[in-house]
Amino acid sequence: MSDGSERREDDRLDVVWRATLVVGDQTFQGRLVDVSTAGARLHFDAAPALTTGTEGLLKITELGEFAARVAWIRGIDVGLQMVAGPDLLLKKFAEASGEYPSQHPTQSDRDPLT
């Protein structure tokens, strides 16, 4: 188990995106505050009733749904790990927005995997 002190190989990009984490029949409204190729940090107004390892769907209105697993929880912040191939695209959408921090995720006509 990681204590979060390891060096990340992928830089994170700051974003301010509304998002919902759906776990079973529960929904947790929050906002993404940073994204990387394989993960994201979700910020809530109050500590969510989640546990490490929980899997769910991260919904971003402008982009769709992404399979995610709770990697860590620190107060009102939750670290998510994207768990499926095409779902490892959040950073590409932030890069495409051209603004930092990204206020709105941007889809482009180019293939986000390239």
Side-chain angles (χ1 to χ4, degrees):
M1 185 157 140
S2 170
D3 67 359
S5 64
E6 76 282 354
R7 175 76 181 130
R8 296 189 194 286
E9 292 184 26
D10 186 31
D11 291 332
R12 292 180 171 265
L13 294 178
D14 293 333
V15 298
V16 184
W17 298 348
R18 285 188 214 131
T20 302
L21 183 62
V22 179
V23 177
D25 61 351
Q26 294 183 298
T27 59
F28 302 91
Q29 301 285 332
R31 70 181 180 277
L32 287 172
V33 294
D34 66 42
V35 295
S36 67
T37 300
R41 181 166 45 123
L42 193 52
H43 181 83
F44 297 96
D45 290 334
L50 293 167
T51 57
T52 303
T54 299
E55 293 189 358
L57 286 176
L58 177 65
K59 292 185 175 186
I60 303 168
T61 301
E62 298 90 343
L63 300 178
E65 299 178 350
F66 300 83
R69 177 182 304 117
V70 175
W72 53 263
I73 302 167
R74 294 188 191 111
I76 59 175
D77 288 334
V78 172
L80 299 176
Q81 175 185 19
M82 301 300 112
V83 296
D87 292 343
L88 304 176
L89 302 175
L90 290 177
K91 185 176 177 187
K92 295 289 185 184
F93 294 122
E95 290 170 340
S97 77
E99 59 182 3
Y100 302 100
S102 170
Q103 299 290 317
H104 304 283
T106 302
Q107 290 187 2
S108 69
D109 291 335
R110 72 177 182 83
D111 182 353
L113 293 174
T114 60

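Note that the numbering runs from 1 along the sequence shown for the chain.
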- Message: Would you compute the distance between atom CG of L58 and atom CH2 of W17 and round it to the nearest 0.5 angstrom?
- Response: 9.5 Å

- Message: Looking at every heavy atom in both A19 and I60, which two are closest together, and how far apart are they?
- Response: CB-CG1, 4.2 Å

- What is the distance from atom CG of L42 to atom CG of L50, rounded to the nearest 0.5 Å? 8.5 Å

Donor-acceptor contacts under 3.5 Å from residues 23-33 side chains, at least two apart:
unit_1: Q29; atom_1: OE1; unit_2: T20; atom_2: OG1; d: 3.0
unit_1: Q29; atom_1: NE2; unit_2: T20; atom_2: OG1; d: 3.2

- Item | Shortest non-hydrogen contact from G75 toward P48 | O-CD, 4.0 Å

- Message: Nearest 0.5 Å, please: how far is CG in L80 from CZ in R41?
- Response: 11.0 Å

- Looking only at non-hydrogen atoms, find the nearest pair between M82 and A68 and report the distance. CE-CB, 3.8 Å

- Item | Heavy-atom side-chain proximity of T61 to R18 below 4.5 angstrom | no

